[in-house]
Amino acid sequence: MIRVYNTLTKTKEEFKTVQPGKVGMYLCGPTVYKPSHIGHMVGPVIFDTIKRYLKYNGYDVNFVINITDVDDKLIAEANARKIPMAAVADEMTADYMRNLDAMGVKDSVDAFPKATDHIGNIIKFTQGLIDKDFAYESDGAVYFDVGKLSDYGKVSHRSLEQMLGEGGGTADRKRTPFDFALWKSAKAGEPSWDSPWGKGRPGWHIECSVMSCELLGETFDIHGGGLDLVFPHHENEVAQSEARHGKPMCNFWMHNGLMQASNEVGKVGGRNTKAASEGDLESQEGGKISKSKGASAFRDMLKQFDPEQIRFFLLSSHYRRPIDFSFERIEEVGKGLDTFYRFFKRFEKITGTNFYTLTAPTSRKDGDAATLQTPLCKQVAEYRQKYLEAMDDDFNTGGAIGILFDLLRVLNKYVDDAKLETSKGEVGPLVHGAMVLREIGLTLGLFREPPQEKESAGSNELVGKLMSLLIELRANAKKAKDFQTADTIRNRLKDCGVTLEDRPGGTEWSL
RNA sequence: GGCGCCGUAGCCAAACGGCUAAGGCAGCGGAUUGCAAAUCCGUUAUAUCCCGGUUCGAAUCCGGGCGGCGCCUCCA
C-alpha cells in the first residue's frame, strides 16, 4: 500500500486513484522569463521519480507540467530586451527543456501545455464562473469572488475572516481584498487577446485550472508544486475549479520543500555580481532559491556536475524537507555515487556484462517473481523489500538511497568473499543482485546511462593508448622491483588527476 | 503580529510510540597491498536544541521556551 502525504488533510493517506490503474498528475511549471536555475529542477525531478515509482507499481501515469508563457515578469523582460514576449518565452522554454532533458525528466512528462495555447479555454472557463456568479467583471477585468466560496482556504489552512482581520490585500476594483484576477485588462503595449470583456490577458491562477481540466479531467489524482505555491496559487486554483465544476479538483495535493540558497549559488558564472551591486539582499543572505535573482543558470551548473550527481543530491533527502544548496554537498554525494560506478566496472570485469545493458524487471510484480534462493539472493530480496517499504511510505527517497548503499555493500562483499576477481566462481547470484540494483536504480531515475564525463575521457583513443603504455612501463618496473619508478609514474599521474588502481586482474585507471 | 514547516553524530540524512537510533561524507583501527588505491570488517550520538507533561515505554504525542525557514507585499 502506497501512502501519500496530502496537504489538504495534513496526513498520510492511502493512495487511491480516480480511475483504477490510472493516475493523472499535474505539476506547476515555470514562468519562462529567465533561464532556469537548480531550484526549478527540484519539483520535476521529484515528481518524475514519483511517476517512475507509480509506473513500476503498475499505474498508467499521465504527467503534465505547464509552461506559464504570459505574465507580468515576461512582459517586463520582453520590454527590457526590446523583443516580443513570445521570443522570450520560446528562448527560456527551450532552456528549460534542455535542462529537464539532462535530468532525465523530459521524456517522462506527457505534456507541457502553454497558457497562450489555451486562451480560448481560459475565456470559456472564466465566462462559466461569471455565469455561475462566482466571478464578476470590473472595468475590463474579471475577478473571482472568494466571498462566494464557503471553504476558501482549505488548501493553505487559513480562513478568509482571519486574513481579512489582518487587513491584508488591497481592494481596488475588487469586492473583497482577496478576490483575484481571472482576466486582466490590457495596458498599452502589452500582449493581449480579445475577450467578452475587452482586450486583455489571463491572470496567473486560471491557466492551471483550465489546462489541468483539459488534459486530466475535472477531478484528477495528484497536484504537485513547491511549498511556496500553496497560497495563494493553489488555493485559488481549487477555488476556480471547484466553483466551476462543483466537484473536487484533485485528490492529493503534494508539495515539495524549497531549495534554500546559500551565498555560493550566485557565484557560478558571476551572475551574482549584478544583483549584489544592486543591493539585492535576498541573493546575499540566502532564502528560497526561486526568488533569488542571483541564482546561477542551471545550464552552467551542468558544466560542473554530472546530471546524475545533481539528481542523486536532490533525492538524497525527503521531498517535503527544504534542501540547502551547496557545492560541497553535491561533491559529497558524488563520492557516494562513484562507489556505485566502481562496482559497475567491477561487475563488468567479472561477468563480461555491462551493467547498463542489464534487463531488469520494470514492474514490482515481475521483480517479486524474480527472487532466487541462494543466501545472497535472499539478502538482496530483503533489501529490495526494505526499499519498497521506504518508497511506499510517501516516496521516501532518502531512506531508499540508504538501502541502495546497503545493497551495494552486500554485492561487493560477495565479490570479495568468493574471490570472483581472481578465480572462477558462482556469478549467478551476483548478476541477480546487480539486476535488483538496476531495478531499484531505474525507479529512482538513476543509473540510466554511464556518467558522461568519465565515459568521454575513457573513449578517447589516444589517451587510452598512452595510458596502456604508462601502465605497461610501470608493470615492468614493478616486476624489476623498481618501486621508485613505479611510484613516480603513479604519483605523477595522480597530479594529472588520474588514479591508478592495482587490481587483481591488472592495473586500472580512472579520472 | 497571523498561519505553517523544521532543529537527529564533525557535516548531510533515515526514522512516524516498542528489538542494538539506517545510510552517506569526513576521521580512526584492521584485513588486503611492495607501498598505495579500491573493497570488506570494526569504530565514531548512554542517545535526537532546551524545560516540563502524557505513557509500562517518546527522536516520534501534548504544552512552553530558544533557533532556522516559508507564506501572509508585487491591480496573484
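What's counted below: heavy atoms across the whole structure, side chains too, no hydrogens, waters or symmetry copies. Here is the naming used below: chain letters follow the sequence lines, and residue numbers restart at 1 for every chain.
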Original post:
Between A:Tyr26 and A:His223, what is the ring plane arrangement, given parallel below 30°, perpendicular above 60°, and tilted in between?
Top reply: tilted
**OP:** If a protein heavy atom is under 4.0 Å from the base, mark B; if only from the sugar-phosphate, S; if neither, -; do that for nucleotides 29-39 of chain B going 5' to 3'.
**Re:** -----BBBBSB
Original post:
Quantified in whole Å, what is the C1' atom distance between nucleotide B:C66 and nucleotide B:C75?
Top reply: 41 Å
Subject >> Rounded distance in Å - NE2 (A:His255) to P (B:C5) >> reply: 14 Å
Original post:
What distance, rounded to whole Å, do you find between the two C1' atoms, one in B:A21 and one in B:U32?
Top reply: 32 Å
Original post:
How far, in whole Å, is B:U55 from B:G63 if one measures between their C1' atoms?
Top reply: 16 Å
Subject >> Rounded distance in Å between the P positions of B:G65 and B:G1 >> reply: 11 Å
Original post:
Expressed in angstrom and rounded to an integer, what is the separation of A:Tyr387 atom OH from B:G23 atom P?
Top reply: 19 Å
Original post:
Do A:Arg329's NZ or CZ and the ring of A:Phe313 fall within the cation-pi criteria of under 6.0 Å and 45°?
Top reply: no
Subject >> 5' priority, RNA chain B, between A:Ala400 and A:His233 [closest heavy atom] >> reply: A:Ala400
**OP:** Scan nucleotides 8-15 of chain B nucleotide by nucleotide, 5' to 3', and note B when protein non-hydrogen atoms come under 4.0 Å of the base, S if they reach only the sugar-phosphate, - if neither.
**Re:** B--BSSSS
Original post:
Do you see a donor-acceptor pair shorter than 3.5 Å between the side chains of A:Glu439 and A:Tyr387?
Top reply: no
Subject >> Identified pairing partner of B:U60, criterion: Watson-Crick or G-U wobble below 3.5 Å >> reply: none
**OP:** Rounded to the nearest angstrom, tell me the gap between atom NZ in A:Lys154 and atom C1' in B:G4.
**Re:** 19 Å
**OP:** To the nearest Å, give me how far apart CG (A:Asp72) and P (B:U73) are.
**Re:** 17 Å
**OP:** Starting from C1' on B:C75, measure out to CG on A:Leu182 and report it in whole angstrom.
**Re:** 14 Å
**OP:** Could you work out the separation of B:C49 and B:C72 based on their P atoms and round it to a whole Å?
**Re:** 30 Å
Subject >> Base partner of B:C69, which must satisfy Watson-Crick or wobble distances under 3.5 Å >> reply: B:G4
**OP:** State, with a plain yes or no, whether a side-chain heavy atom of A:Phe47 is found less than 4.5 Å away from one of A:Ile222.
**Re:** yes
Original post:
Between NZ of A:Lys419 and OH of A:Tyr414, what distance do you get to the nearest 0.5 Å?
Top reply: 13.0 Å
Original post:
Taking the C1' atom of each, how far is B:U48 from B:G67, in whole Å?
Top reply: 16 Å
Subject >> Pairing nucleotide - B:A22, Watson-Crick or G-U, each distance under 3.5 Å >> reply: none
Original post:
Would you say the side chain of A:Val42 lies within less than 4.5 Å of the side chain of A:Tyr319, judging by non-hydrogen atoms?
Top reply: no
Original post:
Base, sugar-phosphate alone, or nothing: which one does A:Lys187 contact when heavy atoms must sit under 4.0 Å apart?
Top reply: base
**OP:** Would you indicate what A:Lys184 reaches in the nucleic acid, counting non-hydrogen atoms under 4.0 angstrom: base, sugar-phosphate, or nothing?
**Re:** sugar-phosphate
Original post:
Mind checking whether A:Phe325 and A:Phe327 have ring centres under 6.0 Å apart?
Top reply: yes
**OP:** In whole angstrom, give the distance that lies between atom CG of A:Leu446 and atom P of B:G24.
**Re:** 16 Å
Original post:
Across all strands, who's sitting opposite B:U55 as a Watson-Crick or G-U wobble pair, both distances under 3.5 Å?
Top reply: none
Subject >> Greater than 12 external heavy atoms within 6.0 Å of A:Lys154's NZ >> reply: yes
**OP:** Figure out the CZ/C1' separation between A:Phe405 and B:A26, and round it to whole Å.
**Re:** 14 Å
Original post:
Using 30° and 60° as the class limits, which term best fits the ring planes of A:Phe340 and A:Phe344: parallel, tilted or perpendicular?
Top reply: tilted
**OP:** Take atom C1' in B:U8 and the same atom in B:C3, then report the distance between them in whole Å.
**Re:** 26 Å
Subject >> Check: A:Tyr356 main-chain N/O paired with A:Arg438 side-chain donor or acceptor under 3.5 Å >> reply: yes
Subject >> A:Arg342 and A:Asn412 side chains, donor-acceptor separation under 3.5 Å >> reply: no
**OP:** Using the P atom as the reference point in each nucleotide, state the distance between B:C40 and B:G24 in Å, no decimals.
**Re:** 9 Å
**OP:** Tell me the partner of B:U43, counting only Watson-Crick (N1-N3 plus N6-O4 or O6-N4) or G-U wobble (N1-O2 and O6-N3) with both under 3.5 Å; none if nothing fits.
**Re:** B:G27
**OP:** Please state how far atom OH in A:Tyr152 lies from atom P in B:C72, giving the value in whole angstrom units.
**Re:** 11 Å
